[in-house]
There are 2 protein chains.
Amino acid sequence: MLSKKTKYGIKALTFIARQPERNPVQTSEIAKSENISQKFLESILLILRKSGFLGSKKGKGGGYYLIKEPEDIKMTAIIRVLEGPIAMVPCVSLNYYEKCDDCPDEKTCSVHKLMIQVRDSTLNVLGDNTLADLT
Amino acid sequence: MLSKKTKYGIKALTFIARQPERNPVQTSEIAKSENISQKFLESILLILRKSGFLGSKKGKGGGYYLIKEPEDIKMTAIIRVLEGPIAMVPCVSLNYYEKCDDCPDEKTCSVHKLMIQVRDSTLNVLGDNTLADLT
DNA sequence: TAATAACCTACTAAATCGATAGGTTAATAG
DNA sequence: CTATTAACCTATCGATTTAGTAGGTTATTA
């Protein structure tokens with residue numbers, strides 16, 4: 001299941017990407033429009049800023065703005081930052097690999113074999129879609 | 001993330017499907033071979049029996065056995081029983097649909113649009129694979 | 001200097017997960 | 001008929017994660 005954190009993060013980024021001007025958008029505006037708890041959203045946008053998706057400006061007229069073009073922001077990147085691994089099992093994760101403690105040999109593991117296929121197909125979809133495709 | 005429940009369930013089913021004879025396999029044997037807590041595995045095999053994947057036999061020489069041919073057991077069916085929805089968001093789930101409380105219109109929701117694609121590609125992989133493919 | 005909005009830290013209620021404990025029931029072997 | 005075996009059932013539990021809330025501080029603008 002996708003966490004609300006990730007879901008809200010994607011919605012917020014989409015909201016910002018939809019702005020006609022490149023003006024900063026306030027957290028409160030996004031929160032109201034997308035029905036998200038403002039405090040929770042604050043923490044999400046902070047993560048997205050710290051990981052290089054957003055810039056920010058304080059004080060009146062401040063807010064968050066996109067640093068890159070929506071076409072250049074792949075959904076894989078967003079989801080990895082907010083949700084963590086895309087793979088359903090750590091032992092097939094490209095960016096968050098971890099060995100299973102129960103599995104002695106990945107090569108003969110039936111789950112491993114299957115989850116690699118799932119990972120690849122998911123990766124294809126999320127790699128093909130950019131923020132621009134969601135606007 | 002795939003739960004251990006589902007992971008162990010798939011491993012157990014694969015183990016049973018690998019048996020040369022159709023003889024019942026004991027929980028203890030699977031647990032030992034696959035490094036799974038026996039008690040936990042018991043509860044999983046019980047679910048798989050109640051949902052029609054396995055038959056069981058009590059007493060000495062008892063255990064669990066497949067009811068259908070491995071070729072006829074799709075991975076989608078197994079995962080839906082053990083893990084629940086395959087979709088990452090309830091609002092795009094075919095078997096466990098639920099409306100999002102924050103989202104006023106699914107048609108214009110960016111997350112919805114994306115998650116439908118992820119669901120379909122995952123469904124393709126899990127629908128193409130049967131238990132026989134994992135053995 | 002007041003208002004604004006991002007930024008930061010800490011806490012928490014509720015749910016879920018991965019078990020464990022301690023039995024009961026039914027089938028088989030001797 | 002009895003002991004053993006293995007499935008079956010119910011309850012509980014510690015740890016972790018989730019989705020927030022509370023209450024501030026810092027920097028920018030009018």
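In what follows, chains carry the letters A, B, and so on, assigned in the order in which the sequence lines appear, proteins first and then strands, with residues in each chain numbered from 1. These numbers come from a predicted model, not from an experiment.
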List, one per line, each side-chain donor-acceptor pair under 3.5 Å for residues 30-44 of chain A, sequence neighbours excluded.
from, atom 1, to, atom 2, distance (Å)
N35(A), ND2, D102(B), O, 2.9
S37(A), OG, F40(A), N, 3.3
S43(A), OG, F40(A), O, 2.6

How many whole angstroms separate atom [atom1] of [X] from atom [atom2] of [N]?
| X | N | atom1 | atom2 | answer |
| --- | --- | --- | --- | --- |
| I47(A) | dA6(C) | CD1 | C1' | 15 Å |
| I44(A) | dG20(D) | CD1 | P | 8 Å |
| N35(B) | dG18(C) | CG | P | 16 Å |
| L82(B) | dG18(C) | CG | C1' | 14 Å |

What pairs of donor and acceptor atoms, side-chain ones from residues 124-135 of chain B against any protein atom, are under 3.5 angstrom apart with sequence neighbours left out?
from, atom 1, to, atom 2, distance (Å)
N124(B), ND2, D120(B), O, 3.4
N129(B), ND2, Q117(A), OE1, 2.9
N129(B), ND2, V125(B), O, 3.0
T130(B), OG1, A132(B), N, 3.2
T130(B), OG1, D133(B), OD2, 3.3
D133(B), OD2, T130(B), N, 2.8
T135(B), OG1, A132(B), O, 2.8

>> Does anything in residues 111-135 of chain A form a ring pair (Phe, Tyr, Trp, His ring centres under 6.0 Å)? List the pairs, not counting sequence neighbours.
In response: none

> What pairs meet the salt bridge (Lys or Arg N to Asp or Glu O under 4.0 Å) rule with one or both residues in residues 59-79 of chain B, with sequence neighbours excluded?
Replying inline: R22(B)-E69(B)

>> Near DNA chain D, counting only heavy atoms under 4.0 Å, which residues of residues 87-97 of chain B show up?
In response: none

>> Once salt bridge (Lys or Arg N to Asp or Glu O under 4.0 Å) is applied, do any residues pair with K4(B), and if so which ones, sequence neighbours excluded?
In response: D101(A)

> Which letter, B, S or -, goes with each nucleotide of nucleotides 3-19 of chain D from 5' to 3', with contact meaning a protein heavy atom under 4.0 Å?
Replying inline: --BSSBB---------S

> Atom CD1 in I116(B), atom CG in L123(B): separation rounded to 0.5 Å?
Replying inline: 12.0 Å

> Restricting to pairs with a member in residues 85-99 of chain A, which pass side chain to side chain donor-acceptor pair (under 3.5 Å), not counting sequence neighbours?
Replying inline: Y97(A)-E106(A)

>> T76(A): which residues meet the side-chain hydrogen bond (donor to acceptor under 3.5 Å, both in side chains) condition with it, sequence neighbours left out?
In response: none

